[in-house]
Amino acid sequence: MLGEVRRIFEALWTGYGPQGWWPAEHPWEMMVGAVLTQGTAWRNAVRCLENLSAGRLLDHPAQLLDVSVHCLEEMLKPGGFWRVKARRLRALSRFIVDRWEGDLDRMFAVPTALLRRKLLSVDGIGPETADCILLYAARRPVAVADAYTRRILQRCGVTGELGYEATRRLLEAAFPGEVEKLQELHALMVRVGKECCRKRRPRCGACLLESLCEAAAGTGPSPGGVRGPRRNCLRGG
DNA sequence: GGCCAGGTCAAAG
DNA sequence: CTTTGACATGGC
(Lines give C-alpha, C1' and ligand atoms only; values in the text may rest on other atoms or scores of the structure.)
Protein backbone atom coordinates (compact mmCIF):
# COMPACT_ATOMS: atom_id res chain seq x y z
CA MET A 1 0.00 0.00 0.00
CA LEU A 2 2.85 2.37 0.78
CA GLY A 3 4.36 1.59 -2.59
CA GLU A 4 1.10 2.42 -4.30
CA VAL A 5 0.98 5.78 -2.59
CA ARG A 6 4.55 6.50 -3.62
CA ARG A 7 3.82 5.54 -7.21
CA ILE A 8 0.88 7.89 -7.33
CA PHE A 9 3.05 10.67 -6.02
CA GLU A 10 5.73 9.95 -8.61
CA ALA A 11 3.16 9.95 -11.40
CA LEU A 12 1.81 13.29 -10.27
CA TRP A 13 5.24 14.76 -9.79
CA THR A 14 6.30 13.65 -13.24
CA GLY A 15 3.14 14.96 -14.81
CA TYR A 16 2.80 18.29 -13.05
CA GLY A 17 6.06 19.19 -11.32
CA PRO A 18 6.34 21.42 -8.25
CA GLN A 19 3.22 23.35 -7.31
CA GLY A 20 4.88 25.91 -5.08
CA TRP A 21 2.61 25.49 -2.13
CA TRP A 22 1.80 27.15 0.22
CA PRO A 23 1.53 30.53 -1.54
CA ALA A 24 2.20 32.94 1.32
CA GLU A 25 4.84 35.51 2.19
CA HIS A 26 5.33 34.35 5.75
CA PRO A 27 4.03 31.77 8.25
CA TRP A 28 1.35 33.98 9.76
CA GLU A 29 -0.10 34.79 6.36
CA MET A 30 -0.09 31.09 5.64
CA MET A 31 -2.03 30.37 8.82
CA VAL A 32 -4.62 33.05 8.12
CA GLY A 33 -5.01 31.72 4.60
CA ALA A 34 -5.56 28.23 5.94
CA VAL A 35 -8.55 29.43 7.93
CA LEU A 36 -9.89 31.62 5.14
CA THR A 37 -9.87 28.85 2.55
CA GLN A 38 -11.98 26.51 4.65
CA GLY A 39 -14.88 25.38 2.50
CA THR A 40 -14.03 28.19 0.09
CA ALA A 41 -12.36 28.50 -3.29
CA TRP A 42 -8.80 29.72 -2.87
CA ARG A 43 -9.33 32.65 -5.20
CA ASN A 44 -11.97 34.02 -2.86
CA ALA A 45 -9.75 33.51 0.15
CA VAL A 46 -7.10 35.53 -1.64
CA ARG A 47 -9.45 38.50 -1.88
CA CYS A 48 -9.82 38.44 1.85
CA LEU A 49 -6.07 38.19 2.30
CA GLU A 50 -5.64 41.20 0.04
CA ASN A 51 -8.14 43.18 2.08
CA LEU A 52 -6.31 42.31 5.26
CA SER A 53 -2.97 43.10 3.74
CA ALA A 54 -4.15 46.45 2.43
CA GLY A 55 -5.37 47.27 5.94
CA ARG A 56 -2.00 46.33 7.44
CA LEU A 57 -3.63 43.53 9.43
CA LEU A 58 -1.59 40.64 8.12
CA ASP A 59 1.87 41.32 9.53
CA HIS A 60 1.35 40.13 13.06
CA PRO A 61 -1.30 38.14 14.97
CA ALA A 62 -2.00 41.00 17.38
CA GLN A 63 -3.17 43.26 14.56
CA LEU A 64 -6.37 41.31 14.08
CA LEU A 65 -7.25 41.98 17.71
CA ASP A 66 -6.88 45.72 17.31
CA VAL A 67 -9.69 46.23 14.84
CA SER A 68 -13.41 45.96 15.41
CA VAL A 69 -15.16 42.72 14.60
CA HIS A 70 -17.35 44.61 12.18
CA CYS A 71 -14.37 45.96 10.30
CA LEU A 72 -12.81 42.51 10.14
CA GLU A 73 -16.03 40.96 8.93
CA GLU A 74 -16.29 43.46 6.11
CA MET A 75 -12.90 42.45 4.83
CA LEU A 76 -13.79 38.77 4.95
CA LYS A 77 -17.05 38.98 3.04
CA PRO A 78 -15.69 38.01 -0.37
CA GLY A 79 -14.70 34.63 1.02
CA GLY A 80 -18.01 33.62 2.49
CA PHE A 81 -18.62 32.35 6.04
CA TRP A 82 -17.41 35.77 7.08
CA ARG A 83 -18.98 35.79 10.51
CA VAL A 84 -17.47 32.49 11.61
CA LYS A 85 -14.15 33.20 9.99
CA ALA A 86 -13.81 36.55 11.72
CA ARG A 87 -14.39 34.76 14.99
CA ARG A 88 -11.95 32.00 14.13
CA LEU A 89 -9.19 34.33 13.06
CA ARG A 90 -9.51 36.25 16.27
CA ALA A 91 -9.47 33.03 18.26
CA LEU A 92 -6.26 32.03 16.52
CA SER A 93 -4.70 35.44 17.11
CA ARG A 94 -5.71 35.43 20.72
CA PHE A 95 -4.28 31.95 21.13
CA ILE A 96 -0.88 33.01 19.81
CA VAL A 97 -0.81 36.31 21.65
CA ASP A 98 -1.87 34.80 24.97
CA ARG A 99 0.23 31.66 24.91
CA TRP A 100 3.35 32.81 23.09
CA GLU A 101 3.20 36.56 23.37
CA GLY A 102 2.37 36.73 19.70
CA ASP A 103 5.69 35.15 18.79
CA LEU A 104 5.34 32.45 16.14
CA ASP A 105 8.93 31.31 16.60
CA ARG A 106 8.14 30.39 20.16
CA MET A 107 5.04 28.55 19.10
CA PHE A 108 6.97 26.64 16.46
CA ALA A 109 9.50 25.54 19.07
CA VAL A 110 6.84 23.25 20.52
CA PRO A 111 7.16 19.56 19.57
CA THR A 112 4.92 18.47 16.72
CA ALA A 113 2.46 16.21 18.53
CA LEU A 114 1.95 18.67 21.36
CA LEU A 115 1.60 21.63 19.02
CA ARG A 116 -0.97 19.70 17.00
CA ARG A 117 -3.06 19.10 20.08
CA LYS A 118 -2.87 22.73 21.07
CA LEU A 119 -3.85 23.91 17.61
CA LEU A 120 -6.83 21.57 17.60
CA SER A 121 -8.02 23.16 20.82
CA VAL A 122 -8.46 26.50 19.05
CA ASP A 123 -11.96 27.28 17.79
CA GLY A 124 -12.04 26.79 14.02
CA ILE A 125 -8.84 24.77 13.76
CA GLY A 126 -9.78 21.23 12.77
CA PRO A 127 -7.51 18.38 11.67
CA GLU A 128 -6.91 19.59 8.15
CA THR A 129 -6.18 23.18 9.06
CA ALA A 130 -3.91 22.09 11.90
CA ASP A 131 -1.96 19.77 9.62
CA CYS A 132 -1.63 22.40 6.92
CA ILE A 133 -0.20 24.78 9.50
CA LEU A 134 2.21 22.12 10.77
CA LEU A 135 3.29 21.12 7.27
CA TYR A 136 3.64 24.49 5.57
CA ALA A 137 4.15 27.06 8.32
CA ALA A 138 6.03 24.94 10.86
CA ARG A 139 7.59 22.69 8.21
CA ARG A 140 6.93 19.49 10.13
CA PRO A 141 6.70 16.09 8.40
CA VAL A 142 2.95 15.89 8.73
CA ALA A 143 0.51 14.81 6.02
CA VAL A 144 -2.74 16.51 5.06
CA ALA A 145 -5.46 13.93 4.40
CA ASP A 146 -8.01 16.22 2.77
CA ALA A 147 -11.18 15.06 1.04
CA TYR A 148 -9.58 15.07 -2.43
CA THR A 149 -6.74 12.85 -1.29
CA ARG A 150 -9.08 10.37 0.33
CA ARG A 151 -11.31 10.21 -2.73
CA ILE A 152 -8.36 9.70 -5.06
CA LEU A 153 -6.86 6.93 -2.95
CA GLN A 154 -10.22 5.27 -2.73
CA ARG A 155 -11.17 5.55 -6.38
CA CYS A 156 -7.79 4.26 -7.45
CA GLY A 157 -8.39 1.25 -5.28
CA VAL A 158 -5.47 1.94 -2.95
CA THR A 159 -7.63 2.11 0.15
CA GLY A 160 -11.22 1.61 1.11
CA GLU A 161 -13.09 4.31 2.90
CA LEU A 162 -10.59 5.62 5.39
CA GLY A 163 -11.10 8.33 7.92
CA TYR A 164 -8.91 11.37 8.24
CA GLU A 165 -6.49 10.01 10.82
CA ALA A 166 -5.97 6.64 9.18
CA THR A 167 -5.25 8.31 5.85
CA ARG A 168 -2.86 10.74 7.46
CA ARG A 169 -0.92 7.91 9.07
CA LEU A 170 -0.73 6.09 5.76
CA LEU A 171 0.67 9.11 3.95
CA GLU A 172 3.17 9.83 6.70
CA ALA A 173 4.32 6.22 6.62
CA ALA A 174 4.83 6.48 2.87
CA PHE A 175 7.02 9.59 3.21
CA PRO A 176 8.46 9.53 6.71
CA GLY A 177 10.20 12.77 7.62
CA GLU A 178 9.98 14.09 4.07
CA VAL A 179 8.55 17.56 4.48
CA GLU A 180 9.02 18.65 0.89
CA LYS A 181 7.37 15.58 -0.54
CA LEU A 182 4.45 15.81 1.84
CA GLN A 183 4.02 19.44 0.86
CA GLU A 184 4.00 18.63 -2.82
CA LEU A 185 1.80 15.61 -2.33
CA HIS A 186 -0.99 17.65 -0.82
CA ALA A 187 -0.74 20.34 -3.48
CA LEU A 188 -0.73 17.79 -6.30
CA MET A 189 -3.65 15.87 -4.86
CA VAL A 190 -5.72 19.03 -4.69
CA ARG A 191 -4.80 19.87 -8.25
CA VAL A 192 -5.81 16.49 -9.61
CA GLY A 193 -8.86 16.35 -7.40
CA LYS A 194 -10.13 19.58 -8.89
CA GLU A 195 -9.60 18.33 -12.39
CA CYS A 196 -11.13 14.92 -12.21
CA CYS A 197 -12.04 13.64 -8.79
CA ARG A 198 -14.93 15.71 -7.64
CA LYS A 199 -17.58 14.73 -5.18
CA ARG A 200 -20.11 13.70 -7.73
CA ARG A 201 -19.16 10.86 -9.99
CA PRO A 202 -16.03 11.91 -11.73
CA ARG A 203 -16.04 11.94 -15.43
CA CYS A 204 -12.60 10.56 -15.79
CA GLY A 205 -12.73 8.57 -18.99
CA ALA A 206 -9.85 10.50 -20.46
CA CYS A 207 -8.54 12.10 -17.35
CA LEU A 208 -5.48 11.73 -15.30
CA LEU A 209 -7.15 9.71 -12.62
CA GLU A 210 -7.03 6.71 -14.87
CA SER A 211 -3.27 6.85 -15.23
CA LEU A 212 -3.01 7.37 -11.50
CA CYS A 213 -4.93 4.18 -10.96
CA GLU A 214 -2.55 2.44 -13.30
CA ALA A 215 0.39 3.94 -11.50
CA ALA A 216 -1.00 2.71 -8.22
CA ALA A 217 -1.45 -0.73 -9.71
CA GLY A 218 2.10 -0.70 -10.95
CA THR A 219 1.12 -1.35 -14.54
CA GLY A 220 3.20 0.09 -17.27
CA PRO A 221 6.97 0.41 -17.24
CA SER A 222 7.64 0.29 -13.53
CA PRO A 223 8.49 -3.26 -12.43
CA GLY A 224 7.34 -5.08 -9.35
CA GLY A 225 3.96 -3.49 -9.22
CA VAL A 226 0.91 -4.87 -7.51
CA ARG A 227 -1.17 -6.69 -10.08
CA GLY A 228 -4.44 -8.48 -10.22
CA PRO A 229 -8.09 -7.58 -10.38
CA ARG A 230 -8.79 -4.21 -8.93
CA ARG A 231 -11.29 -1.43 -8.93
CA ASN A 232 -10.25 1.73 -10.61
CA CYS A 233 -11.99 4.99 -11.12
CA LEU A 234 -13.77 3.79 -14.21
CA ARG A 235 -15.22 0.60 -12.87
CA GLY A 236 -15.29 1.15 -9.16
CA GLY A 237 -18.29 2.04 -7.08
C1' DG B 1 -30.24 27.70 -11.80
C1' DG B 2 -27.40 24.05 -9.65
C1' DC B 3 -23.19 22.60 -7.89
C1' DC B 4 -18.93 23.22 -5.78
C1' DA B 5 -15.01 25.46 -3.22
C1' DG B 6 -7.65 23.81 -0.37
C1' DG B 7 -13.64 22.68 6.59
C1' DT B 8 -15.38 23.04 11.28
C1' DC B 9 -18.67 22.76 14.85
C1' DA B 10 -22.94 21.68 17.40
C1' DA B 11 -26.98 19.18 17.52
C1' DA B 12 -29.42 15.12 16.69
C1' DG B 13 -30.36 10.31 15.71
C1' DC C 1 -20.21 6.90 16.97
C1' DT C 2 -22.17 8.64 12.39
C1' DT C 3 -25.14 11.93 10.07
C1' DT C 4 -26.91 16.46 9.22
C1' DG C 5 -27.28 21.37 8.94
C1' DA C 6 -25.36 26.00 9.37
C1' DC C 7 -22.12 29.08 7.96
C1' DA C 8 -22.11 32.71 2.81
C1' DT C 9 -19.82 34.38 -1.33
C1' DG C 10 -18.30 33.81 -6.13
C1' DG C 11 -17.09 31.07 -10.41
C1' DC C 12 -18.34 27.95 -13.92
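Throughout, a chain's letter reflects where its sequence line sits, starting with A, and its residues are numbered from 1.
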A:Ala215 backbone acceptor or donor facing A:Arg7 side chain under 3.5 Å: yes
Aromatic ring of A:Trp42 stacked on base six-ring of B:dG6, 5.5 Å, 30°: yes
Rounded distance (nearest 0.5 Å) linking atom CZ of A:Arg116 with atom CG of A:Leu134: 7.0 Å
Residue closer to the 5' end of DNA chain B, A:Met30 versus A:Ile125 (nearest nucleotide): A:Met30
Involving DNA chain B, stems made of at least three consecutive Watson-Crick or G-U pairs, both distances under 3.5 Å: B:2-5 with C:9-12, B:7-13 with C:1-7
By side-chain hydrogen bond (donor to acceptor under 3.5 Å, both in side chains) - contacts of A:Arg191 (at least two apart): A:Gln19
Between P of B:dT8 and CG of A:Leu89, the distance in whole Å: 13 Å
Interatomic distance at C1', C:dC12 relative to B:dG1, whole Å: 12 Å
What N/O pairs connect the protein and nucleotides 10-13 of chain B at under 3.5 Å? Give each pair on its own line.
none

Closest heavy-atom pair and its distance - A:Tyr148, A:Val190: CD1-CA, 3.8 Å
Residues that A:Glu29 engages under salt bridge (charged side-chain N to carboxylate O under 4.0 Å, His left out), provided they are two or more places apart: none
Gap between atoms CZ and C1', on A:Arg151 and B:dG7 respectively (whole Å): 13 Å
From CA spacing to verdict: side-chain contact (heavy atoms from CB on, under 4.5 Å), A:Ile96, A:Trp28: CA-CA 10 Å; A:Ile96 294 166; A:Trp28 175 236; 3.5 Å; yes
Separation of B:dG6 C1' from A:Leu135 CG (nearest whole Å): 13 Å
Test side chain to side chain contact (heavy atoms under 4.5 Å, CB included) applied to A:Leu135 - qualifying residues, sequence neighbours left out: A:Val144, A:Val179, A:Leu182, A:Gln183
Nearest-Å distance once atom P is located in both B:dG6 and C:dT3: 24 Å
Residue list, side chain to side chain contact (heavy atoms under 4.5 Å, CB included) with A:Ala113, at least two apart or on another chain: A:Arg117
Within residues 166-191 of chain A, residues whose heavy atoms come under 4.0 Å of DNA chain B: A:Val190
Interatomic distance, A:Glu128 CD vs B:dA5 P [rounded to whole Å]: 12 Å
A:Asp131 side, atom CG; A:His186 side, atom NE2 - distance, nearest 0.5 Å: 9.5 Å
Within 6.0 Å of CD in A:Glu161, more than 12 heavy atoms from elsewhere: no
Short side-chain N/O contact to B:dA5 OP1/OP2 from A:Lys194, under 4.0 Å: no
B:dA5 phosphate, OP1 or OP2, under 4.0 Å from A:Thr37 side-chain N/O: no
Show the atom names and distances, to 0.1 Å, of all donor-acceptor pairs under 3.5 Å that link a side chain in residues 76-84 of chain A to residues at least two apart or in another chain.
| from | atom 1 | to | atom 2 | distance (Å) |
| --- | --- | --- | --- | --- |
| A:Lys77 | NZ | A:Glu74 | OE2 | 2.9 |

Touch class at under 4.0 angstrom, heavy-atom based, for A:Val122 against every strand present: sugar-phosphate
Residue pairs passing the side chain to side chain donor-acceptor pair (under 3.5 Å) test where at least one lies in residues 90-101 of chain A, sequence neighbours excluded: A:Glu101-A:Arg106
Partner set under salt bridge (charged side-chain N to carboxylate O under 4.0 Å, His left out) for A:Asp59, not counting sequence neighbours: A:Arg56
For A:Glu180, all residues meeting salt bridge (charged side-chain N to carboxylate O under 4.0 Å, His left out), sequence neighbours excluded: A:Arg139
A:Met1 reachable from A:Ile8 in the ILVMFWY side-chain graph, under 4.5 Å edges: yes
Short side-chain N/O contact from A:Tyr136 to OP1 or OP2 of B:dG6, under 4.0 Å: no
d(CG, A:Asp146; P, B:dT8) in whole Å: 10 Å
Heavy-atom protein contacts under 4.0 Å, nucleotides 2-10 of chain C, coded B base, S sugar-phosphate only, - none: -----BBSS
Integer-rounded Å distance: B:dG7 P and A:Ile133 CD1: 14 Å
d(CD, A:Gln38; C1', B:dC4) in whole Å: 17 Å
Stacking of A:Trp21 on B:dG6 base (centres under 5.5 Å, planes under 30°): yes
